[in-house]
Amino acid sequence: MRHLIRPVALLASVVVIIIIARTVPTPEFLDAYGFFSGTAEENFENWADEPWQYIGSAPCSGCHQSQYELWQSADHSVVECENCHGPARNHMQDFDPLSIDPGRGLCVQCHDQLISRPELFPQVDTSVMGGDAECITCHNSHSPRVGIPEIVPHPLDGHEICTDCHASHEPWETTPTQVPHTLEGRTNCLACHGPDELRGDGLPTIPKYMVSLDCFTCHGHGEELVAGLPEDHAGRPATTCANCHRVSE
Amino acid sequence: MKVSRREFIRTGGRTLLGGAIVLAVPAALGSIVSAASRVSANSEVAGNGPQWRFIVDLRKCIGCGHCVRACKLENDVTEGAEHSRTWVERYVVTEHEEVLVDSPESGIHGFADEHIADKYGDLDIRRSFFVPKLCNHCASAPCITVCPVGANHTSPEGAVLIDRKACIGCAYCIQACPYGARFMDSRRHIVDKCSWCYHRTSNGGEPACVHVCPTGARVFGDITDKDGVVATLLRENTISTLKGDLGTESRVYYIDMDHGVR
């Protein structure tokens, strides 16, 4: 066994040297001793001095009061102005318009139906919804639900007669909500509030060669060239006609 | 007294060895004991100032990519997807326990153009979700330790900031970071990474990515404020960190992180 003494002693001394080298002179973090740690304060200042590019939505209200108020009151109030319109820092100096692409791309980026998105997030199959038309044809980008009739939020089975629960004049203290319009001349609730495939049933259709015209040219308020709008259509912009009236083939 | 060379070496060697053992053993034991009983570096409060933390709520991310774009515009980040201080990954977990990850152009244009159906074909998908990532501003950061010139400093609030004047662009820290948060800036020829928008946060603001996130999936704040958003979320939710087993003591926390996330 004597022949083992030297190799074991050699091994032991190597181990001891490693332990010494690793524990005694090695600092926990080089950061504390850092070669250039003297510049830490200067470094923080350099980073802190950069200018802000995104300045927040509040400054927009100074000049864009009506859009700001509409935006604040609706569903897109969680989306900062600069999110879609870009950072506003330079705009506050030179007032060059912030460009925004009115196409479908910006809307689809958030609202396309994707399996990876949380289920309760509002999303639609954008390959079908609205065809090729820009989303802003029907949706006001600052208040996306304006002009869009609410879709029935419950299954239709067992709820065939809408007026069993929703009446126009009887006050209801709890849900379901009171019908906010007269029921005169309206017999088919699903024509406006039903799922896509039922909407427009029983309603006059828009001739397809007139789709690009402004509906109010002929059906305008006070004009009786063809047929004036029924009274219950008061206040509705021309951009919302296609929400309920389908285009004829 | 005449000492032979052999005697000299033998006695001298034994003295050195014995002396080294006498000194080394307590030193080693001491450092082992202090390492074991050391509190997490993260919980050591530096002075009385605010201590920042970042929370990512994975229940809310819709993968729109606005955060990635805002970061780029706010911080003058060099063009190109390889220069991304923050990015969004999409995870697809199949019924066969396969985990597929992608991040097209770091997610800057969202994922609407990259339908899973087109990309992965007919997969039996169990779950799919988005995971935004950024620099974790670790309390025990490997990037700080490996830098040969000490070009990183941790601010009093906990933000790890690159010293652009000291960085020599050796990229050792890029290798060291387990989260892939650092990258080579091909314009400045030094390393770049998320700074928690220090110019905004040190002046009372929030990082640009937090500012634009439409669903509140990104949250930033001072953990020492007991009524603040961060402290509240940490109290009320199940929290985890990325690669927690690596001991980096990340300052970025995740809510609802699936086990497949890496």
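Just so it is clear: chains get the letters A, B, ... in the order the sequence lines come, proteins before strands, and each one is counted from 1.
Among B:Ala151, B:Ala20, B:Gly216, the residue making the largest number of heavy-atom pairs under 4.5 Å with chain A is B:Ala20. Contact count against chain A (heavy-atom pairs under 4.5 Å) is highest for B:Ile162 among B:Asn203, B:Ile162, B:Leu16. The choice from A:Thr23, A:Asn83, A:Val78 that makes the most heavy-atom pairs within less than 4.5 Å of chain B is A:Asn83. For the set A:Glu50, A:His76, A:Gln109, the entry with the most heavy-atom pairs within less than 4.5 Å of chain B is A:Gln109.
For A:Gln123, no part lies near chain B; criterion is any non-hydrogen pair under 4.5 Å. B:Arg164 touches chain A through backbone and side chain together, each having a heavy atom under 4.5 Å away. For B:Cys213, the part sitting under 4.5 Å from any heavy atom of chain A is the backbone (N, CA, C, O) and nothing else. Only the backbone of B:Arg59 has a heavy atom closer than 4.5 Å to any heavy atom of chain A. With a threshold of 4.5 angstrom between heavy atoms, B:Thr215 approaches chain A through side-chain atoms but not through N, CA, C or O. With a threshold of 4.5 angstrom between heavy atoms, A:Leu106 approaches chain B through side-chain atoms but not through N, CA, C or O. Interface residue A:Gln53: backbone and side-chain heavy atoms are both found under 4.5 Å from chain B. Contacts between B:Leu17 and chain A at a heavy-atom distance below 4.5 Å involve the side chain alone, from C-beta outward.
Within a 6.0 Å sphere centred on CD of B:Glu89, heavy atoms belonging to other residues, nucleotides or ligands number more than 12. When the shell of 6.0 Å around CD of B:Glu79 is examined, it contains 12 or fewer heavy atoms from other residues, nucleotides or ligands.
A distance-only check finds no donor-acceptor pair linking the side chain of A:Trp52 to the backbone of B:Ala208 [under 3.5 Å]. The main-chain N or O of A:Tyr54 is found under 3.5 Å from a side-chain atom of B:Glu74 such that the two form a donor-acceptor pair.
Of all non-hydrogen atoms in A:Asn43 and B:His153, the two that sit nearest each other are ND2-CD2, 3.4 Å. What you find for B:Ala112 and A:Asp112 is that their closest heavy atoms are O-OD2, 3.6 Å. The nearest pair of heavy atoms linking B:Ala24 to A:Ile19 is O-CG2, 4.4 Å. Annotation for B:Cys61 and A:Pro118: closest pair O-CD, 3.5 Å, computed over non-hydrogen atoms. Of all heavy-atom pairs spanning B:His211 and A:Glu80, the tightest one is O-CG, 3.2 Å. Nearest heavy-atom pair, A:Asn46 versus B:Lys165, reported as atom, atom and distance to 0.1 Å: ND2-NZ, 3.4 Å.
To the nearest 0.5 Å, the span separating SG on B:Cys64 from CZ on A:Arg117 amounts to 7.0 Å. Here the CG-NZ distance, from A:Leu120 to B:Lys60, works out to 12.0 Å after rounding to the nearest 0.5 Å. To the nearest 0.5 Å, atom CZ of residue B:Phe129 and atom CG of residue A:Leu114 are 15.0 Å apart. Here CD1 of B:Ile62 is found 3.5 Å from CZ of A:Phe121. Values are rounded to the nearest 0.5 Å.
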